[in-house]
Amino acid sequence: MPMPMPMPMPPGDTPRRVTRRRVATRARLLDAAFTVFAAKGFGRVSIEEICEAAGYSRGAFYSNFATLDELFFALYQDRADLIAAQVAEALAQDGPGLDVPAAVDRVTEVLLLDVDWLLVKTDFLVHAARDPDVARALLDHRARLREAVADRLFRARGHTELPAVLGDVDSAAHAVVAAYDGVTTQLLLDKDVEAARAWLKQLLTALLTDGSRTPV
């Protein structure tokens, strides 16, 4: 006697449920890894520590990531994508002209509130310095930050004049990111977020104006 056929499952039901669970597991692992990496440093962290922090087994880890390096790379990419999008959004809120102090306020709020991110990013920088493939990811993130700044400066042409010494908008964008790098180095040492935000605001405002007037 033939065995009865199993009842068909609604189309796509199981894959959707599994996908949601895997997405949640991955996100939880990344959140736990961010906390552990920020506290201990990438080179001092084991897979077991991340699994313990996330409340998962090693099996859950390996179902999402092949290695610790892969997780670290994914963590950096996720956070870098978010920050690049936040910077672009912060810079898009003015009209045709560019209100430099207001734009700087918005950008510094996005960039300087998370010391833990700066610690993880610094670990990634050191890692990238020894691995060309990783370096390309870091360079891509920095390029996207510069592009967001350069695009906003380009759209403000004719409405907001940049100091001639900066040259074109691409050079000005490089200068903005370089200023951010310098201020965040001090922030990593003294952990004074408010002082870093105030200093970056002053530095960027002076950089993007001639120092004697408010741009129009």
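For clarity, every value in this text was computed on a predicted model and none was experimentally measured. Side chains included, hydrogens not; waters and symmetry mates left out as well; all remaining heavy atoms used.
The pair Asp170-Arg146 does not meet the salt-bridge criterion, since no charged nitrogen lies less than 4.0 angstrom from a carboxylate oxygen. The pair Lys40-Asp116 does not count as a salt bridge, with every side-chain nitrogen at least 4.0 angstrom from each carboxylate oxygen.
Nearest heavy-atom pair across Leu204 and Ala179 is CD2-CB, 3.8 Å. Contact record, Phe73 with Val134: CE1-CA, 4.4 Å, taken as the closest heavy-atom pair. Across Cys51 and Ser57, no two heavy atoms sit closer than the pair SG-O, 3.5 Å. In terms of heavy-atom proximity, Ala60 sits nearest to Ser63 at O-OG, 2.8 Å. Nearest approach of Leu153 to Ala172, heavy atoms of both residues: CD1-CB, 3.6 Å. Minimum heavy-atom separation, Leu200 to Val104: O-CG1, 4.4 Å.
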**Request:** Apply side chain to side chain contact (heavy atoms under 4.5 Å, CB included) to Leu91 and Asp151, showing your working.
**Result:** CA-CA 9 Å; Leu91 289 172; Asp151 178 68; over 6 Å; no
**Request:** Run the numbers on Leu125 and Lys121 for side chain to side chain contact (heavy atoms under 4.5 Å, CB included), then give the verdict.
**Result:** CA-CA 6 Å; Leu125 172 62; Lys121 190 176 77 166; 5.9 Å; no
**Message:** Under the criterion salt bridge (Lys or Arg N to Asp or Glu O under 4.0 Å), I'd like the reasoning laid out for Glu89 against Arg106: C-alpha separation, chi angles, the key distance, then a yes or no.
**Reply:** CA-CA 9 Å; Glu89 181 180 355; Arg106 291 194 299 269; over 6 Å; no
**Request:** Test Arg79 against Val120 for side chain to side chain contact (heavy atoms under 4.5 Å, CB included), laying out the working first.
**Result:** CA-CA 10 Å; Arg79 298 280 172 150; Val120 171; over 6 Å; no
**Message:** Would Trp199 and Gln202 count as a side chain to side chain contact (heavy atoms under 4.5 Å, CB included) here? Give the steps.
**Reply:** CA-CA 5 Å; Trp199 175 234; Gln202 293 171 5; 3.6 Å; yes
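Note that CD of Glu109 and CD of Gln86 are 11.5 Å apart. Values are rounded to the nearest 0.5 Å. Atoms CG and CD1, on Asp78 and Ile83 in that order, are 11.0 Å from each other to the nearest 0.5 Å. Gln77 contributes atom CD, which lies 6.5 Å from atom CG of Asp140 (distance to the nearest 0.5 angstrom). Interatomic distance, NE2 of His127 versus OG1 of Thr122, reported as 14.0 Å (0.5 Å rounding).
Taking the six-membered ring for Trp, Phe72 and Phe124 have ring centres closer than 6.0 Å. Here the two rings, on His141 and Tyr76, have centers that are under 6.0 Å apart.
Using a 4.5 Å cut-off on side-chain heavy atoms (C-beta onward), Val23 and Thr19 make contact. Between Leu203 and Tyr180 the shortest side-chain heavy-atom distance does not fall below 4.5 Å. A heavy-atom distance below 4.5 Å is found between the side chains of Arg144 and Asp81. Asp190 places a side-chain heavy atom less than 4.5 Å from the side chain of Gln186. When side chains are defined from C-beta on, Asp123 does not count as touching Leu119, because their heavy atoms never get closer than 4.5 Å. Side-chain contact between Val107 and Arg152 is absent, with no heavy atoms from C-beta onward closer than 4.5 Å.
Cluster membership check: Val193 shares its hydrophobic cluster with Leu188, using side-chain heavy-atom separations under 4.5 Å among Ile, Leu, Val, Met, Phe, Trp and Tyr. Residues Phe154 and Val87 fall within the same hydrophobic cluster, defined by Ile, Leu, Val, Met, Phe, Trp and Tyr side chains chained together at heavy-atom separations under 4.5 Å. Cluster annotation: Tyr62 and Tyr56 are assigned to the same hydrophobic cluster (Ile/Leu/Val/Met/Phe/Trp/Tyr, side-chain heavy-atom contacts under 4.5 Å, transitive). When the side chains of ILVMFWY residues are joined at heavy-atom separations under 4.5 Å, either directly or via intervening members, Leu82 and Val115 end up in two distinct hydrophobic clusters.
Partner Phe65 forms a side chain to side chain contact (heavy atoms under 4.5 Å, CB included) with one of Leu75, Ile50, Leu30, Ile47 and no other, that one being Leu30.
Although no hydrogens or angles enter the test, the distance criterion places a donor-acceptor pair under 3.5 Å between the side chain of Thr67 and the main chain of Glu70.
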